[in-house]
Amino acid sequence: MTSTAARPLVGWYVHHHGAGHRTRFSAVRPHLDADVVVFSSLAAPVDLPTDTTWVELERDDAPTTGPDGVVRHPADASPTVGGLLHWAPVAHPGHTARLGRIAATIAGAAAAGRPLDAMVVDVSVEVTLFVRLLGVEVVVVSQPGDRTDEPHRLAYDAASRVIAPWPAGTHDSSALDRVAEKVRWVGGISRQDGRRASVPTPAVVPGSVLFVGGAGGSDHDDLAAAVARAARATPGTTWSALGLDTWVDDPWAAMASAEVVVTWAGQNTVADLAALGARAVVVPQTRPFDEQLTTARALDRSGLAVVASSWPADDDWPTLIERARGLQPDWSTWQVEGAAARAAAVVAEVTGRGARGVGPARDDLAVGTDLAVGTDLAGVAS
């Protein structure tokens, strides 16, 4: 592979839980003027961008069967190292293989004269520390919630930059305050940003309610039945659903035409609500470190959505939907416009190169210029 000094080479780790981490990558990638190698246990998307290589990693969360025939789960193999880490199970072949593949790819790129300029990690404390030990600067994507535990402190200390994909001051970020000089609050990152200007937006259908589920799981054993009961409890409305029986890659049209959206409090979903200017009922789901609960509380305080702490009783739905209909949310405060470009600019800070398509940003975000198109990355990921 021919070295292209003018164009950076960036690694990007995409966590496999849910679809949000991959969706965020898809939103930022068009603004990043670099060749990119993605590492993930998820399969490569069919619409993989040009100048992007996808390295599929082994899973490290599946039970294994030992030579004695005993089935062992990695959760029972000291994965936290006594609280030092989040997930490093002992003697798990998938865990060993995935880190080995990351190391081999990074070392191979360096041997070919094209070392990684930076690695974005979304999200993993272990990959952050491992890649930094390999001598690569890391940009960590943070999550809301209580991240004051020792593993997160290690990751934030090891990072060259930390991207916080929500507006500064939205909620308590004490874990980030201690490393504030390297944190960049870029606003909510949505792939729907700017879409109203380029794609005809469907008219809102009066009385329509859309439930949007997520790929990260829910707190409900029979969610489809719960949604059906909510629909029956709200006469005068017409309900539809996404993410129950089938997954829809692009919910734009359905969300834009709904008078009210009922959904979880995941970062990407909330950013999409902001991009659409939607009226919503938000029900946070149980996630590590109270991620969704923290986001939901911020939405409630700011009056951007009607928030229910858990799935409402059937009799509560008429009032909740009516309250959501009456909202006049100022979603501009979620700072979605330009957020993906600002995130790309943070990566450019570390690589020392520019990020394309960067709009107005905070003063401390480096804004670069367009760079020349580089070479194919097919030879990097062996």
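Positions are given from 1 along the sequence. Keep in mind that what you see is a predicted model, and the values were worked out from it rather than measured.
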Note to self: Would you call the rings of His15 and Tyr13 parallel, tilted or perpendicular, taking 30° and 60° as the class edges?
What the structure shows: perpendicular
- Message: Distance alone, cut at 3.5 Å: any donor-acceptor contact between the side chains of Thr23 and Arg191?
- Response: no
- Message: Angle between ring planes, His86 versus Phe289, binned at 30° and 60°: parallel, tilted or perpendicular?
- Response: tilted
Discussion item. Using modelled atom types and a 3.5 Å cut-off, is there a donor and acceptor pairing between side-chain atoms of Arg24 and backbone atoms of Val14?
Written reply: no
| task | Keeping the roles fixed (side chain from Glu259, backbone from Gly207), state whether a donor-acceptor pair exists under 3.5 Å. | result | yes
_Under 3.5 Å donor-acceptor, Arg342 side chain and Glu337 backbone_ = yes
For the pair His171 (side chain) and Leu299 (backbone), establish whether a donor and an acceptor sit closer than 3.5 Å, ignoring hydrogens and angles.
no
ask   = Asp157 and Arg178: side-chain contact (heavy atoms from CB on, under 4.5 Å), yes or no, with the steps?
value = CA-CA 9 Å; Asp157 286 344; Arg178 55 180 292 274; 3.1 Å; yes
(request) For Arg59 and His95, run side-chain contact (heavy atoms from CB on, under 4.5 Å): C-alpha distance rounded to whole Å, both residues' side-chain angles, the deciding distance at 0.1 Å, then the answer. (result) CA-CA 7 Å; Arg59 293 292 292 252; His95 179 73; over 6 Å; no
**Message:** Just by distance, no angles: are the side chains of Asp122 and His21 close enough, under 3.5 Å, to form a donor-acceptor pair?
**Reply:** yes
Test: Asp250 and Arg195 ion pair at under 4.0 Å: yes
> With a 4.5 Å heavy-atom cut-off, do Thr319 and Glu322 have their side chains touching?
Replying inline: no
Correct closest heavy-atom pair for Ala308 and Pro284 would be O-CD, 3.1 Å
Taking Ser257's backbone N and O only, do any of them form a donor-acceptor pair with Ser208's side chain (distance below 3.5 Å, no angle check)? yes
task = Starting from the C-alpha separation in whole Å, work towards a yes-or-no answer on side-chain contact (heavy atoms from CB on, under 4.5 Å) for Thr234 and Trp239.
result = CA-CA 9 Å; Thr234 50; Trp239 285 58; 2.9 Å; yes
Close side-chain approach of Trp166 to Ser142, heavy-atom, < 4.5 Å: yes
Does the side chain of Leu273 come within less than 4.5 Å of Trp331's, by heavy atoms?
yes
message = Are Gln267 and Gln292 packed together at the side-chain level, in the sense that at least one heavy-atom pair is separated by less than 4.5 angstrom?
response = no
Scanning both residues in full, the closest heavy-atom pair of Asp51 with Arg29 reads O-NH2, 3.1 Å
Query raised in the report: Would you say the side-chain atoms of Ser173 pair up with the backbone N or O of Gly169, donor to acceptor, closer than 3.5 Å?
Result: no
When every non-hydrogen atom of Ala91 is compared with those of Pro93, the smallest separation belongs to O-CD, 3.5 Å
* Within-4.5 Å side-chain heavy-atom neighbours: Trp54 and Pro45 -> yes
* **Test log, rule ring pair (Phe, Tyr, Trp, His ring centres under 6.0 Å), inputs Trp311 and Trp317** => CA-CA 10 Å; Trp311 189 263; Trp317 278 109; 5.1 Å; yes
Do any N or O atoms from the side chain of Arg161 and from the backbone of Lys182 form a donor-acceptor pair under 3.5 angstrom? no
Check your understanding: Is there side-chain contact between Val138 and Leu129, with heavy atoms separated by less than 4.5 Å?
Key -> no
Gly20 backbone acceptor or donor facing Asn268 side chain under 3.5 Å: yes
Donor-acceptor contact present, side-chain Gln192 to main-chain Asp272, <3.5 Å = no
When you compare the side chain of Trp252 with that of Thr201, does any pair of heavy atoms fall below 4.5 Å?
yes
What one should report as the nearest heavy-atom pair of Pro144 and Thr295 is CG-OG1, 3.5 Å
Check: Just checking, any donor-acceptor pair under 3.5 angstrom between side chains of His73 and Asp76?
Finding: no
Check: Short question: side chain of Thr52, backbone of Thr50 - any donor-acceptor pair under 3.5 Å?
Finding: yes
* **Close side-chain approach of Phe39 to Val127, heavy-atom, < 4.5 Å** => no
